[in-house]
Amino acid sequence: MIKGTVKTGNTVLEYFSFGGGEKNLVILPGVGIQKISCSAKAVESGYACFRDDYTVTVFDRRDDIPDGFTVEDMADDTALAMNALNIKNADLFGASLGGMIAQYIAVKYPELVRSMILASTLSRPNECALGVMRRWTELAEAGDVPEAARQMLKLLYSEKLAEQLSQATGMMFSGVTRRELDRFIAQARAIESFDVYARLDEIKCPVLVIGVEGDKVLTAEASRETAGKLGCELYMYGSEYAHCVFDEAPDYKQRMMDFYSSID
C-alpha cells in the first residue's frame with residue numbers, strides 16, 4: 001500500500017493506493033468522523049479482489065473544510081488530485097457522500113471517468129436525509145461522540161452487524177478531537193445543500209446505481225430517483241441490509257466487478 005498526499009494550489013488531499021493493475025479504480029468514501037486513512041487496511045482487504053486488474057486509489061477530503069464548502073467543491077478538489085496523479089479514464093465507486101462527489105466529477109470532468117457505480121446515495125436532498133444530517137450535526141456540535149456513534153451504527157448497518165461493531169466503534173471514537181468533529185459537521189452540511197439532479201442528463205458514462213431497501217439514511221427512493229433520471233441500470237438490495245450494504249452483502253464486490261467488466 002502507498003499512502004501519500006497530493007497538493008494542488010493551496011489544497012492538500014490525503015490518499016492511499018494499492019494494487020498493480022493497468023486500470024484505475026477510484027473509491028470515494030462517505031462521510032465519517034475519522035479520516036478514511038484510519039480504515040486503510042480494512043479497505044484494502046475489502047477490495048482485494050480488484051488488486052490484479054486495477055490500481056485502486058482512495059481519496060479523502062481536505063483537512064480544513066471552510067464554512068459553506070459544497071459537494072461540488074469537494075468534487076473539484078478530487079478532480080484536481082486525480083489530474084495531479086495522472087488518473088484518467090477511471091472507474092469510480094462513490095458511496096453515500098462519495099457518490100454525490102462522483103456525480104459532480106462525471107458532470108464537470110467527463111474525461112476522468114470511464115464508468116461509475118453510485119452506492120447508497122442521492123442526487124438531491126430529501127426529508128429523511130436532511131433529518132439525519134441535522135441530528136448528526138447537532139450531536140457533533142455538542143461533542144456527544146458516544147451518542148453520535150450509537151446513532152450512526154444503528155442507521156448505517158444491519159442490526160446484527162451494528163451489535164458486533166458497537167464495542168470496537170466505542171474504542172475507536174474515544175479519542176475523537178474537536179477538529180475531527182468540525183470536519184464531520186462541514187461534510188454533513190454540504191450534503192444538506194447538495195442538488196445535482198437537474199444536471200444528471202449531462203452524464204454520458206455508463207452508470208450502475210446500487211441501493212438498498214433498508215436505507216434509513218438517504219432512502220431507497222433516492223436510489224430509484226437517481227437511476228430513473230439517469231436512465232441507467234439499478235440494483236436494489238433488500239431490507240435485511242442497511243445504508244452501508246457495500247460493507248455487508250457478500251456478493252457486492254462481485255457485482256461491482258461484473259459491471260466494470262461489462263464496459264470493456
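Values reported hereafter were calculated over all heavy atoms of this structure, with side chains retained and with hydrogens, waters and symmetry mates removed. Because the structure is predicted, anything quoted here is derived from the model rather than measured.
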Taking the side chain from Thr70 and the backbone from Asp73, do they hold a donor-acceptor pair closer than 3.5 Å? yes
Side-chain donor or acceptor of Asn126 paired with backbone N/O of Leu218 under 3.5 Å: yes
Around atom NZ of Lys216, are there more than 12 heavy atoms of other residues, nucleotides or ligands at under 6.0 Å? no
Contact list for residues 214-248, test ring-ring contact (aromatic ring centres under 6.0 Å, His included), sequence neighbours left out: Tyr235-Tyr237, Tyr237-Tyr241, Tyr237-Tyr252
Could you tell me whether the side chain of Val58 reaches within less than 4.5 Å of the side chain of Tyr47, counting heavy atoms only? no
With a 4.0 Å cut-off on N to O distance, would you call Arg199 and Glu202 a salt bridge? yes
Side chains of Met257 and Cys49, heavy atoms from C-beta outward: is any pair under 4.5 Å? yes
Side chain of Thr226, backbone of Ser223: donor and acceptor closer than 3.5 Å? no
Check whether any side-chain heavy atom of Thr137 lies under 4.5 Å from a side-chain heavy atom of Glu192, and answer yes or no. yes
Would you call the rings of Phe50 and Tyr54 parallel, tilted or perpendicular if under 30° counts as parallel and over 60° as perpendicular? perpendicular
When every non-hydrogen atom of Val212 is compared with those of Gly238, the smallest separation belongs to CG2-O, 3.4 Å
Less than 4.5 Å apart, any side-chain heavy atom of Val12 and any of Val6? no
What about Ile65 and Trp136, same hydrophobic cluster or not, with Ile/Leu/Val/Met/Phe/Trp/Tyr joined at side-chain heavy-atom distances under 4.5 Å? yes
Could you tell me whether Glu248 and Lys160 make a salt bridge, using a distance below 4.0 angstrom between a side-chain N and a carboxylate O? no
Please step through side-chain contact (heavy atoms from CB on, under 4.5 Å) for the pair Val176 and Leu181, ending with a clear verdict. CA-CA 7 Å; Val176 168; Leu181 290 174; 3.8 Å; yes
Are Met82 and Tyr109 connected in the hydrophobic side-chain network, where two residues link if heavy atoms are under 4.5 Å apart? yes
Students often mix this up, so state it plainly: with edges at 30° and 60°, are the rings of Tyr104 and Phe194 parallel, tilted or perpendicular? perpendicular
Which distance, rounded to the nearest 0.5 Å, do you find between the CD1 of Ile203 and the SG of Cys232? 9.0 Å
State, to 0.1 Å, how close Ser37 and Glu14 come at their nearest heavy-atom pair, and which atoms those are. OG-OE1, 3.6 Å
Is the backbone of Phe259 close enough, under 3.5 Å, to the side chain of Ser262 for a donor and an acceptor to pair up by distance? yes
Under a 3.5 Å distance rule, please check whether Gln103 uses its side chain to pair with a backbone N or O of Leu122 as donor and acceptor. yes
Please report the closest heavy-atom contact between Ala188 and Val31, naming both atoms and the distance. N-CG2, 4.4 Å
Gap separating the CD atom of Glu72 from the CG atom of Asp76, nearest 0.5 angstrom: 5.5 Å
Rounded to the nearest 0.5 Å, what separates atom CG in Asp64 from atom CG in Asn10? 12.0 Å
For Glu111, look at atom CD and say whether over 12 heavy atoms of other residues, nucleotides or ligands are found less than 6.0 Å away. yes
Group every Ile, Leu, Val, Met, Phe, Trp and Tyr by side-chain heavy-atom contacts under 4.5 Å, then state whether Val107 and Val26 land in the same group. yes
Contact summary for Met236 and Ala220, nearest pair of heavy atoms: CE-CB, 3.6 Å
Let me see the working for Arg62 and Asp77 under side-chain contact (heavy atoms from CB on, under 4.5 Å), right down to the final yes or no. CA-CA 8 Å; Arg62 60 171 71 184; Asp77 278 357; 2.8 Å; yes
Could you tell me the separation between the CD1 atom of Ile105 and the CG atom of Leu112, rounded to the nearest 0.5 Å? 7.0 Å
Check: Asp215 and Glu221 side chains under 4.5 Å, non-hydrogen atoms: no
Is there a donor-acceptor pair closer than 3.5 Å between any side-chain N or O of Arg114 and the backbone N or O of Tyr260? yes
Is Glu44 close to Arg51 at the side-chain level, that is, under 4.5 Å between some pair of heavy atoms? yes
Under 3.5 Å donor-acceptor, Thr121 side chain and Ser96 backbone: yes
Less than 4.0 Å between a side-chain N and a carboxylate O, is that true for Arg178 and Glu141? no
Would the distance check show the side chain of Arg183 and the main-chain N or O of Arg61 forming a donor-acceptor pair, the cut-off being under 3.5 Å? yes
Decide side-chain contact (heavy atoms from CB on, under 4.5 Å) for Leu80 and Thr78; before the verdict, give the C-alpha distance in whole Å, the side-chain angles of both, and the deciding distance to 0.1 Å. CA-CA 5 Å; Leu80 286 171; Thr78 306; over 6 Å; no
Step through the shown structure and confirm whether more than 12 heavy atoms of other residues, nucleotides or ligands are within 6.0 Å of CD on Glu138. yes
Does Ile210 share a hydrophobic cluster with Leu230, counting links as ILVMFWY side-chain heavy atoms below 4.5 Å and allowing steps through other members? no
Charged N-O contact under 4.0 Å between Arg189 and Asp67: no
Scanning both residues in full, the closest heavy-atom pair of Thr55 with Gly21 reads OG1-O, 2.9 Å
For Ala42, is there any backbone N or O sitting under 3.5 Å from a side-chain donor or acceptor partner on Ser39? no
Is the shortest side-chain N to carboxylate O distance from Arg124 to Glu225 below 4.0 Å? yes
With a 4.0 Å cut-off on N to O distance, would you call Asp91 and Lys23 a salt bridge? no
So which heavy atom on Val217 is nearest to which on Met133, and how close? CG1-CE, 3.9 Å
Can you measure from CG (Asp182) to CD (Gln187) and round to the nearest 0.5 angstrom? 11.5 Å
Transitively linked via ILVMFWY side-chain contacts under 4.5 Å: Leu85 with Phe93? no
Taking Ser45 for the side chain and Lys41 for the main chain, is one N or O donor matched with an acceptor at less than 3.5 Å? no
Using a 6.0 Å cut-off, check whether atom NZ of Lys88 has over 12 heavy atoms from anything other than its own residue. yes
Think Lys229 forms a cation-pi with Tyr197, using NZ or CZ under 6.0 Å from the six-ring centre and within 45 degrees of its axis? yes
Rounded to the nearest 0.5 Å, the CZ atom of Phe18 sits from the CG atom of Leu25 at a distance of 7.5 Å
After noting the C-alpha distance and the side-chain angles of Ser17 and Met1, does the key distance pass the side-chain contact (heavy atoms from CB on, under 4.5 Å) rule? CA-CA 6 Å; Ser17 64; Met1 180 188 296; over 6 Å; no
